[in-house]
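As the structure is a computational prediction, the values presented were derived from the model and not from experiment. Sequence lines set the chain letters: A, B, ... in the order given, protein chains first and strands last, and positions in each chain run from 1.
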Protein chains: 2
Amino acid sequence: MTDSKETSIIDKLQNLYLLLSAQFGNCTGVSPSRFRLLQQLYHADEISQAALQKELQIDSAAITRHLKQLEADGIVARRMNPSDNRVTLVRLTDHGREEIVLYRKEMERFLAQMLQDFSMEEQQQLSRMLARMQSNIRNYTEGE
Amino acid sequence: MTDSKETSIIDKLQNLYLLLSAQFGNCTGVSPSRFRLLQQLYHADEISQAALQKELQIDSAAITRHLKQLEADGIVARRMNPSDNRVTLVRLTDHGREEIVLYRKEMERFLAQMLQDFSMEEQQQLSRMLARMQSNIRNYTEGE
DNA sequence: CACTATTATTTGATGCGTCAACTATTGACA
DNA sequence: TGTCAATAGTTGACGCATCAAATAATAGTG
């Protein structure tokens, strides 16, 4: 029986992800999701929640909650799009912009450690494999 | 700036994991964690929660809650270890054993789809890379 | 034997994600 | 223009994980 072998990739993926989230949070002070969200805001100046949702691939409910918290923390400011009252536009506050610079530094360190012994070639290979799995899973959905 | 490039592995890992969890659940009817837990029980006959915790690398609080639910669903039976009243021994019920056979079938299909275009060689490579990252992250913790 | 770890499990608070249901706006078209 | 569909965001219920604190039982030691 190769049972345990066959599942091992899912197991490894899960163990890695859980460890990654926990450690990333410890090191940078924000969760990976929140960091990614801030990263988008950092590059985008001002952006709608729907656009954030598309980038991050996270449920829009989760986006709403992150932003609510970030707004309460003074990291982010929101306003309605005057030309379409359905959409909310989000941007970093000046304070937020300062904070994220620190997060980014920590993240750099973390990432460097995580990939310390990976060659460029390996990193690309890994990236491609992850992307392939993702697309395979997506197709499974449709095929159901 | 190669900013978005540099984070892309974490991004990809997260996107993949979230998609994986959601889809795995849809397809098999159980979450990856719960499946792994059942898998352990399937192979172990009777096992303590602490041992499960070590295998799965999941917080023991989460183990308790999974088992509570599984017990309520009649999948699992728990009893105290008569020779050490601290430990709880867990085993699949007959019903549970039948159920898991079905889950396993679904899981096989899911996994096959996820890795459909991966050669054996690639799968091993991927496994090794995931393990390396995990160990790199662990070391980071200690280094702090 | 009493005292102090250590170990196993549980519970409560919290973070983050999902889905489903609901509101508000906008767009399109008979 | 009135109606209906699509889009953006929010909220509530829920699943699953984490940490910290509490409880029990056992082990080790002077």
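Positionally, the nearest nucleotide of DNA chain C for B:Leu89 lies more toward the 5' end than for the other of B:Leu89 and B:Gln14.
Within the nucleic acid shown, B:Ser31 comes within 4.0 Å of sugar-phosphate atoms alone, with no base atom in reach, counting heavy atoms only. Nucleic acid contact class of B:Thr88 (heavy atoms, under 4.0 Å, all strands): sugar-phosphate only. Among the atoms of the strands shown, only primed sugar atoms or phosphate atoms (P, OP1, OP2) are found under 4.0 Å from some heavy atom of A:Ala50. Here A:Arg65 lies in heavy-atom contact (under 4.0 Å) with a base.
The two residues A:Gln53 and A:Asp59 come nearest to each other via the heavy atoms CG-C, 4.3 Å.
The side chain of B:Arg86 approaches D:dA27 more closely than any other nucleotide in the set C:dG27, D:dG9, D:dA27.
Exactly one of B:Val30, B:Leu70, B:Val76 qualifies for a side chain to side chain contact (heavy atoms under 4.5 Å, CB included) with B:Leu37. That residue is B:Leu70.
Scanning residues 67-83 of chain B for heavy-atom distances under 4.0 Å to DNA chain C yields B:Lys68, B:Arg78. At a non-hydrogen distance threshold of 4.0 Å, A:Ile58, A:Asp59, A:Ala61, A:Ala62 from residues 53-63 of chain A come into contact with DNA chain C.
Computed from coordinates, the A:Gln23 CD to D:dT18 P distance equals 12 Å when rounded to whole Å. Straight-line distance from the CD atom of B:Gln49 to the P atom of C:dA8: 11 Å, rounded to whole Å. Look at CG on A:Asp84: it is 8 Å from P on D:dA8, rounded to the nearest Å. Rounded to whole angstrom, the span from the CG atom of B:Leu52 across to the C1' atom of C:dT9 amounts to 13 Å. Atoms CG (A:Leu19) and C1' (D:dC19) sit 15 Å apart, rounded to a whole Å.
The pair B:Arg109-B:Glu106 meets the salt-bridge criterion, with a side-chain N (NZ, NE, NH1 or NH2) lying under 4.0 Å from an Asp/Glu carboxylate O. Taking the charged nitrogens against the carboxylate oxygens, B:Arg128 and A:Glu122 have no contact shorter than 4.0 Å, which rules out a salt bridge. Electrostatic pairing of A:Arg79 and A:Glu46 counts as a salt bridge here, judged by a charged N lying under 4.0 Å from a carboxylate O.
Counting non-hydrogen atoms of other residues, nucleotides and ligands closer than 6.0 Å to CG of B:Asp117 gives a total above 12.
Put simply, B:Asn85 has a side-chain N or O that comes within less than 4.0 Å of OP1 or OP2 on D:dT26. For the OP1/OP2 pair of D:dT10 and a distance below 4.0 Å, the side-chain nitrogens and oxygens of A:Thr64 include at least one atom meeting the criterion.
Clustering of Ile, Leu, Val, Met, Phe, Trp and Tyr by side-chain heavy atoms under 4.5 Å joins A:Leu102 with none of the others.
Using cut-offs of 30° and 60° for the angle between ring planes, the A:Phe110 and A:Phe24 rings count as perpendicular.
Remark: the B:Asp11 side chain and the B:Gln14 side chain contain no N/O donor-acceptor pair separated by less than 3.5 Å.
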